**Q** 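This is the structure, below, for whatever I ask next.
It should be emphasised that the depicted structure is a prediction, and the values quoted were computed from it without experimental measurement.
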Amino acid sequence: QVQLVESGGGLVQAGGSLRLSCAASGLTFSVNNMGWFRQAPGKKREFVAAMTWSESTYYADSVKGRFTISRDNAKNTVSLQMNSLKPEDTAVYYCAAGFRGTIATMSTGDRYRNWGQGTQVTVSS
């Protein structure tokens, strides 16, 4: 029932920017805490950013100051603006919804019940 569809990924040179979007359906978006995660080949999934229903934001140290998460409840979308991209940002980026837990666990992927299929971001040197 719940569907999350990511878009906006692509190939960009180091120092460039990309904006990812996640379109959500089948859930009450306005009261959902939303997250972005990423996974590079051979590595475990890692937390990138999250936004609560009240629009509090949280970021991984590796992206803080470069990435910005936002949401548009009227359009049921959550976005991730990525600036000053680095080759180490290369990964498949996933949108997550249906979070259940405390604020301290928003970076834990297992706390999210719904996931998109992901969008590839490749940053070249």
**Q** Just wondering, do Asn76 and Arg71 contact through their side chains at under 4.5 Å, heavy atoms?
**A** no

**Q** Test your reading of the model: is there a side-chain donor-acceptor pair from Arg111 to the backbone of Thr102, 3.5 Å cut-off?
**A** no

**Q** Are side-chain heavy atoms of Val121 and Leu20 found at a separation under 4.5 Å?
**A** yes

**Q** Could you tell me whether the side chain of Trp36 reaches within less than 4.5 Å of the side chain of Cys95, counting heavy atoms only?
**A** yes

**Q** Check whether Asn33 reaches the backbone of Trp53 with its side chain - one donor and one acceptor, N or O, closer than 3.5 Å.
**A** yes

**Q** Test side chain to side chain contact (heavy atoms under 4.5 Å, CB included) on Thr68 and Leu80; report intermediate values, then the result.
**A** CA-CA 6 Å; Thr68 303; Leu80 185 70; over 6 Å; no

**Q** According to the salt bridge (charged side-chain N to carboxylate O under 4.0 Å, His left out) rule, which pairs have a member within residues 26-38, sequence neighbours left out?
**A** Arg38-Glu46, Arg38-Asp89

**Q** In terms of hydrophobic clustering (I, L, V, M, F, W, Y; side-chain heavy atoms under 4.5 Å; direct or indirect links), are Val63 and Met106 co-clustered?
**A** no

**Q** Are Tyr59 and Arg66 side-chain neighbours, meaning at least one heavy-atom pair lies under 4.5 Å?
**A** no

**Q** Run the side chain to side chain contact (heavy atoms under 4.5 Å, CB included) test against Ser70 and tell me which residues pass, sequence neighbours left out.
**A** Arg19, Ser79

**Q** Checking the side chain of Thr119 only, and the main-chain atoms of Gly9 only, is there a donor and an acceptor separated by less than 3.5 Å?
**A** yes

**Q** Would you check if the side chain of Asn32 reaches a backbone N or O of Met34 as a donor-acceptor pair within less than 3.5 Å?
**A** no

**Q** Could you list who else is in Val31's hydrophobic cluster, with ILVMFWY side chains joined at under 4.5 Å, directly or through other members?
**A** none

**Q** I'd like to check the side chain to side chain donor-acceptor pair (under 3.5 Å) partners of Gln39; sequence neighbours left out, ordered by chain and number.
**A** none

**Q** Apply side chain to side chain contact (heavy atoms under 4.5 Å, CB included) to Asp110 and list each qualifying residue two or more places apart in sequence or on a separate chain.
**A** Arg45, Thr108

**Q** Among all residues two or more places apart in sequence or in another chain, which pass the side chain to side chain contact (heavy atoms under 4.5 Å, CB included) test with Ser17?
**A** Gln81, Asn83

**Q** With a 4.5 Å cut-off on side-chain heavy-atom distances among I, L, V, M, F, W and Y, is there a chain of contacts connecting Val48 to Val12?
**A** yes

**Q** Listed by chain and number, what are the side chain to side chain donor-acceptor pair (under 3.5 Å) partners of Ser25, not counting sequence neighbours?
**A** none

**Q** To the nearest 0.5 Å, what is the distance between NZ on Lys86 and OG on Ser62?
**A** 8.0 Å

**Q** What's the spacing between Tyr112 OH and Phe37 CZ if we round to 0.5 Å?
**A** 4.5 Å

**Q** Same cluster for Tyr94 and Leu18 if Ile/Leu/Val/Met/Phe/Trp/Tyr side chains link at under 4.5 Å?
**A** no

**Q** Provide the closest heavy-atom pair for Ala97 versus Leu27 in the form atom of the first, atom of the second, distance.
**A** CB-CD2, 3.9 Å

**Q** Which pairs count as disulfide bond (SG atoms under 2.5 Å apart) when at least one residue sits in residues 28-88, sequence neighbours excluded?
**A** none

**Q** Do Phe29 and Leu4 belong together in a cluster built from hydrophobic side chains that touch within less than 4.5 Å?
**A** yes

**Q** Do the side chains of Tyr58 and Met51 get nearer than 4.5 Å, heavy atoms only?
**A** no

**Q** Is it the case that more than 12 heavy atoms not belonging to Gln117 sit under 6.0 Å from its CD atom?
**A** no

**Q** My understanding is that only residues two or more places apart in sequence, or in another chain, count here; which of them pass side chain to side chain donor-acceptor pair (under 3.5 Å) with Thr28?
**A** none

**Q** Using links of under 4.5 Å between side-chain heavy atoms of ILVMFWY residues, direct or through other members, which residues join Leu11 in one cluster?
**A** none

**Q** Any donor-acceptor pair under 3.5 Å linking the side chain of Asn114 with the backbone of Val2?
**A** no

**Q** Under the salt bridge (Lys or Arg N to Asp or Glu O under 4.0 Å) test, which residues partner Arg113, sequence neighbours left out?
**A** none

**Q** What residues form a side chain to side chain donor-acceptor pair (under 3.5 Å) with Ser107, not counting sequence neighbours?
**A** none

**Q** Taking atom CD of Gln13 and atom OG1 of Thr122, what is their separation to the nearest 0.5 Å?
**A** 13.0 Å

**Q** For Cys22, is there any backbone N or O sitting under 3.5 Å from a side-chain donor or acceptor partner on Glu6?
**A** no

